[in-house]
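Shown next, in structure tokens, is the structure this report addresses.
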Amino acid sequence: MPTARSASPAEAAREPLAAPRIKFLGAPFDLLPKDAVLHRLKACSPADRFAYVATPNVDHVVRLSRQPDLLGAYEAAWMCWCDSHQIERLGKLVGLDLPHLNGTDVMERLFAEVLVPGDTLAVVGANAALGEALQQHFPQYRWHFHAPPMGLAHNPLAWRAALDFVAEHPARFVFLAVGSPQSERLALAILEEGRSCGTAFCIGAALEFLAGRKRRAPALMQTLGLEWLHRLLQEPRRLWRRYAGSLLPLMLLFLREVRENGLRRAQKVMPERQARS
């Protein structure tokens, strides 16, 4: 009779009660501060069973209100970070202490404090220029890149190729940079398929910033929670519709939250999640 496999340090750190999760504005969020998150990531090994991190922001919660079928991709995530100062501040208005973890900030600390020379990293969504820039900036790591075509979610062959790439290129960390909600859907598909290892991040432009292809907002704007404005000024044609179209739906979601839960919201932990084993 086969014996049960012992949990790795990373898997042991993934006990559900160690990361209380709440639901706010229709999306799940973990109540882990940044240092606790980094502690967990340091324990991650390329041999760990696949798990992934989602980073809900305003755009995500608005989309979830319109496409509730996406919720499962967030609920299945090992960690869900609040990647929005706006959501953090709305939480405070209803008595919710929600840690804000900017995805790019965490990635910067991942590269500075967690990764070690020789680590294997895989990227789904990197074009040739981004891949070359990452290799130039971080030659101490072993990189694997896969650039799926546009419309990945509607291309069965490309979708299968992305799943195969992650399974066939084991890495300590996998960066899924194919846009939301494609990244979250892909992460869930990889998890459910059960062939892959490592820890994945559903990220947006973080790798572009790390590779020096995009400039982050000045420190003062970051402190004031205005990084979104800096990005809007950099890419107005691409982002203005997203930001403008999210403002009113976000306020409506918040009013519904207040109506349903009151101003003094209890930090009710969601049902226990299954540990990665």
Legend entry - Set of residues satisfying side chain to side chain donor-acceptor pair (under 3.5 Å) with respect to Gln67, sequence neighbours excluded: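 Expected list: none.
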
Inset, instruction - Identify whether the distance between the nearest side-chain nitrogen and carboxylate oxygen of Asp30 and Arg40 falls below 4.0 Å. - result: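 A salt bridge is absent here (no side-chain N lies under 4.0 Å from a carboxylate O).
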
Inset, instruction - Give a yes or no on whether the ring-centroid distance for Phe201 and Phe173 is below 6.0 angstrom. - result: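 Yes, the ring centres sit under 6.0 Å apart.
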
Inset, instruction - For Arg109, enumerate each residue passing the side-chain contact (heavy atoms from CB on, under 4.5 Å) test, keeping only those at least two apart in sequence or located in another chain. - result: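 By the side-chain contact (heavy atoms from CB on, under 4.5 Å) rule, Arg109 matches Lys34, Asp35, Leu38, Glu113.
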
Inset, instruction - State which residues pass side-chain contact (heavy atoms from CB on, under 4.5 Å) with Ala161; sequence neighbours excluded, sorted by chain then number. - result: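 Counting only residues at least two positions away or on another chain, Ala161 forms a side-chain contact (heavy atoms from CB on, under 4.5 Å) with His146.
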
Legend entry - Interatomic distance, Leu96 atom CG to Arg89 atom CZ [nearest 0.5 angstrom]: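 The CZ atom of Arg89 is 15.0 Å from CG of Leu96, to the nearest 0.5 Å.
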
Student check: side-chain heavy atoms of [X] and [Y] closer than 4.5 Å:
X: Val124; Y: Val178; value: yes
X: Asn102; Y: Trp81; value: no
X: Leu41; Y: Met79; value: yes

Legend entry - Parallel, tilted or perpendicular: ring planes of Phe254 versus Phe24, cut at 30 and 60 degrees: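 Answer is perpendicular, since the angle exceeds 60°.
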
Inset, instruction - For the residue pair Trp143 and Phe111, categorise the inter-ring angle as parallel (less than 30°), tilted (30 to 60°) or perpendicular (more than 60°). - result: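 Because their plane-to-plane angle is under 30°, the rings of Trp143 and Phe111 count as parallel.
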
Inset, instruction - Evaluate the criterion side chain to side chain donor-acceptor pair (under 3.5 Å) for residue pair Ser180 and Arg63; output intermediate values, then yes/no. - result: CA-CA 10 Å; Ser180 183; Arg63 184 185 299 112; 3.0 Å; yes

If you look at every heavy atom in [X] and [Y], which pair is closest and at what distance?
X: Val61; Y: Leu25; result: CB-O, 4.0 Å
X: Ala122; Y: Ala171; result: N-CB, 3.8 Å
X: Trp159; Y: Gln182; result: CH2-O, 4.2 Å
X: Ser45; Y: Asp48; result: N-OD2, 2.7 Å

Legend entry - Glu132 atom CD, over 12 foreign heavy atoms within 6.0 Å: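 At most 12 heavy atoms, drawn from other residues, nucleotides or ligands, come within 6.0 Å of this atom.
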
Legend entry - Phe175/Met107 under side-chain contact (heavy atoms from CB on, under 4.5 Å): CA gap, chis, key distance, verdict: CA-CA 10 Å; Phe175 303 93; Met107 290 301 100; 3.6 Å; yes

Inset, instruction - Would you check if there is a donor-acceptor pair between the side chains of Arg172 and Thr120 at a distance under 3.5 Å? - result: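 The answer is no; no qualifying pair exists.
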
Inset, instruction - Run the numbers on Leu121 and Arg142 for side-chain contact (heavy atoms from CB on, under 4.5 Å), then give the verdict. - result: CA-CA 6 Å; Leu121 307 175; Arg142 292 180 291 176; over 6 Å; no

